[in-house]
Amino acid sequence: MDSSTYSMVLETSEKLFAGRGGEGFDPALWSAAEEAGFPLALLSEEHGGFGFSAREAFAPVRVAAACAVALPLGETLLANWVASQAGLGTLDGPVALAWSGVEAVPFGRHLRRVVCLSELDGGVGLSLLHPAAELWHPGTNHAGEERDMLIATEPVAPQARVAMSPVALRAVMSTLRTVQMAGAIEAVADMCLRYCNEREQFGRPLGKFQAIQHQLAILATHSCAATVAADMAVAAFETLATQGEEVFIPTAAAAKLRAAEAATAAASIAHQVHGAIGFSEEYPLHPLTRRLWSWRDEDGSESQWAAYLANWAQTHSERGLWPALTACDLAKVA
Amino acid sequence: MALPTFPLETKTPAQEALRDEVRAFLAEALSDLPARERARSWTGFDADFSKKLGERGWLGMTLPKEYGGHDRSAVDRHIVVEELLAAGAPVAAHWIADRQSAPLILRHGTEEQRRTILPRIAAGTCFFGIGMSEAGSGSDLASARTRAERTADGYVLNGTKLWTTYAHKAHYMIVFCRTGQAESRYGGFSQVLVDMSLPGISVSPVLDIAGEHHFNEVSFDNVLLPPDALLGKEGDGWAQVMSELAFERSGPDRFLSSFVLVDELLRCLKRMPGPAETSDLGRMVARLMVLRQMSLSVAGRLARGEQPVLAAAIVKDLGALFEQDVPEIARRVLREDASDLEYAAVFRRILLAAPSFSLRGGTREILRGIIARGLGLR
Ligand SMILES: Cc1cc2nc3c(=O)[nH]c(=O)nc-3n(C[C@H](O)[C@H](O)[C@H](O)COP(=O)(O)OP(=O)(O)OC[C@H]3O[C@@H](n4cnc5c(N)ncnc54)[C@H](O)[C@@H]3O)c2cc1C
């Protein structure tokens, strides 16, 4: 991996997203992100991308989450990746993947199209929809990000398919949330640290009290774990073609679960050490914590992935769990 | 923010082959060891087994060849150690020597000390004890009172160390002691290499809450040490002991102590009728999978010559929480266990060992203090 590309992507994303956080979709910011090429970053050069590694392609998503930016950036990234796998070409954004049925669609009303997914035998069927505005039933997640229901239309026959198991694709989609959680948790940790160094009570900065130091230490351990979890999921996504779904799915499931656990701890500690100011609307903590509370359970709830991984562990325990775990260790990208 | 980085490691074919080789050896060597014994994890003592590992080149792996080592990377060592722990191999005999005494001697010892001791550690025939804690000096190690007084022919050692794991089997103990006047809180300390066969040393057992004997009280009563017992520089003891602790804290022994119970739990679940609520099991596996990669990453940083003190403290803190949660999760996931005697024995052993996981090698609070310092809070 070229680490200079990675830092360049981080830097560009930070410039673009810092201070642009907000409650709902921001069309101007979307255009800027599109101009930077972020939504197509997972595509190979011949498909209109830059030939980025997955880690580089997901970097803007991480930064956008850390800045509490409301954009279907990762959604468009993944929809294009799936579309290119299925030979559907490049899709103008914003666009998102959505399982046909009752799940809410991220940023639904702002999307140009929806890639509707259906479970087929040995794969996933795709159909492109252009829902009319009145077909969206608006909703939001805990953070006010648009999560809209598509009012049932006539069932559409799949136009294309990808040879990927539905659960693998769900795991790909969950990886987006894992990356977002890692980004937001790090931002939360950063915010807590700064606040505890500044805010004084009893004549000292809060950060000088051992009880607070230990809370911040716990927060740091969770932030590191979430970051590693996200890196693991992204790296396993990158080796999907070579190491296969058997490595990717449990890795992504574990990563999502671990990041969700970290999200819960981070939000709780962050609100505690911030006191009342952190509970106020004007203070920029809740755009992060409310997102964390949502993302924990989006694209597979924490309980669903926990049940999945428990089942995985049980079915792989013939020779003991250990060989199954080490089999998931990452190999170098070919 | 000053959070440490954990760059992911990727496995090479050679590393996979090493893992397979160790695994195959263990399957054979441990085939008769019941789970309740394997549950002792790295407190299970078997000198013959350690010797066998030495013969296979799996001890002193990172030491240079000229000292009997194998010039392997910290990642290779990590792989071997992980396999040993996951299998519940009885590794206690060589554990301390291989993990921390050998690197300490390599870094600070004289040429003579390296030549005489390191090859024996790599062979799995020379065992060590850690002489840090005392009755009045636990977390606050700088309050240690054991003293080595310089004389014309070496040192005279007096004092009492406590909680010394396997001192009753050790050939040497590396004793952290005062040698000079403390011009500062951390000054005037040294480390001495004490041959446990010297006169004046008495080792008495201290039993743990399960009635087991692994740690001890060790008294030094006018023990005459030769001048070459000094390890490193006189007065540098504090810095040396801190770097020793970094080795002690960084490995997979900090999250795999209760792994045998995880395996036993899965074995029992296979026979259990009815839909037990297993989402706790899924969360547990998730934590373990991420911890493994964090720990591997620390090994990778060590292999590149870095000193990831903060990263190691983070892994140890998360690791101890995980190890301690395993029996509690097992209780929640498995509704009945009394009928399976092996499971019950493993469970009890780990339940009763668990409190020590966040004490030995630096307590949870001390680690969090280290992390807070790393964050710039202290
Ligand atoms: C199984 C086992 C094996 C061991 N083997 C060895 C060995 O081989 N060699 C050896 O030298 N030692 C060994 N130890 C000792 C171990 O290093 C000490 O137990 C540890 O350093 C803590 O010291 P202590 O037990 O005296 O507790 P104390 O230091 O008295 O601490 C008691 C409690 O107070 C807390 N505390 C202390 N100071 C602070 C502070 N500043 N801020 C907040 N909280 C604080 C601690 O975290 C702990 O919770 C072993 C211990 C165990 C349990």
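Everything quoted here is computed from the prediction, not taken from an experiment. Letters A, B, ... mirror the listed sequences (proteins, then strands); counts begin at 1.
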>> So, taking the atom named CD in Glu238(A) and the one named OG1 in Thr10(B), what distance separates them when rounded to the nearest 0.5 Å?
In response: 11.5 Å

> Under a 4.5 Å heavy-atom cut-off, does chain A meet the side chain of Pro4(B), its backbone, both or neither?
Replying inline: both

> Looking at Val228(A), Asp329(A), Leu257(A), which has the largest count of heavy-atom pairs under 4.5 Å with chain B?
Replying inline: Asp329(A)

> Checking side-chain contact (heavy atoms from CB on, under 4.5 Å) for the pair Leu193(A)/Leu377(B): CA distance, chi angles, key distance, verdict?
Replying inline: CA-CA 8 Å; Leu193(A) 207 60; Leu377(B) 290 164; 3.9 Å; yes

> Is any side-chain heavy atom of Arg368(B) closer than 4.5 Å to a side-chain heavy atom of Gln213(A)?
Replying inline: no

> Got a sec: does the CD of Glu11(A) have more than 12 other heavy atoms crowding it under 6.0 Å?
Replying inline: no

>> Could you report the tightest heavy-atom contact between Ser303(A) and Ser279(B), atom names first, then the distance?
In response: O-CB, 4.5 Å

>> Among Cys196(A), Ala229(A), Pro205(A), Cys224(A), which residue has the highest count of heavy-atom pairs closer than 4.5 Å to chain B?
In response: Cys224(A)

>> In the structure I gave you, are the side-chain heavy atoms of Glu261(A) and Arg283(B) within less than 4.5 Å of one another anywhere?
In response: no

>> Just so I know, are the side chains of Leu309(A) and Leu281(B) near enough to count as touching, which here means a heavy-atom distance under 4.5 Å?
In response: no

> Does a side-chain heavy-atom distance below 4.5 Å link Arg364(B) with His214(A)?
Replying inline: no

> Nearest 0.5 Å, what's the CH2-CG distance between Trp322(A) and Leu288(B)?
Replying inline: 6.5 Å

> From Leu375(B) CG over to Ser223(A) OG, what is the distance, rounded to the nearest 0.5 angstrom?
Replying inline: 9.5 Å

> At what distance, to the nearest 0.5 angstrom, does OG1 of Thr251(A) lie from CE of Met289(B)?
Replying inline: 4.5 Å

> Looking at Thr5(B), Ile314(B), Ile370(B), Val290(B), which one has more heavy-atom pairs under 4.5 Å with chain A than the rest?
Replying inline: Val290(B)

> Okay, side chain of Lys11(B), backbone of Lys332(A): is any donor-acceptor separation there less than 3.5 Å?
Replying inline: no

> Is the shortest heavy-atom distance from the side chain of Lys270(B) to the side chain of Gln314(A) under 4.5 Å?
Replying inline: no

>> Using every non-hydrogen atom in the two residues, find where Leu3(B) and Glu186(A) come nearest and quote the distance to one decimal.
In response: CD1-CG, 4.2 Å

> Does the side chain of Ile371(B) come within less than 4.5 Å of Leu216(A)'s, by heavy atoms?
Replying inline: no

>> Could you check whether any side-chain heavy atom of Pro323(A) comes within less than 4.5 Å of a side-chain heavy atom of Arg23(B), counting everything from C-beta outward?
In response: yes

> Can you find a heavy atom in the side chain of Val285(B) that is under 4.5 Å from one in the side chain of Trp312(A)?
Replying inline: yes

> Going from CG on Asp20(B) to OG1 on Thr326(A), what distance comes out if it is rounded to the nearest 0.5 angstrom?
Replying inline: 8.0 Å

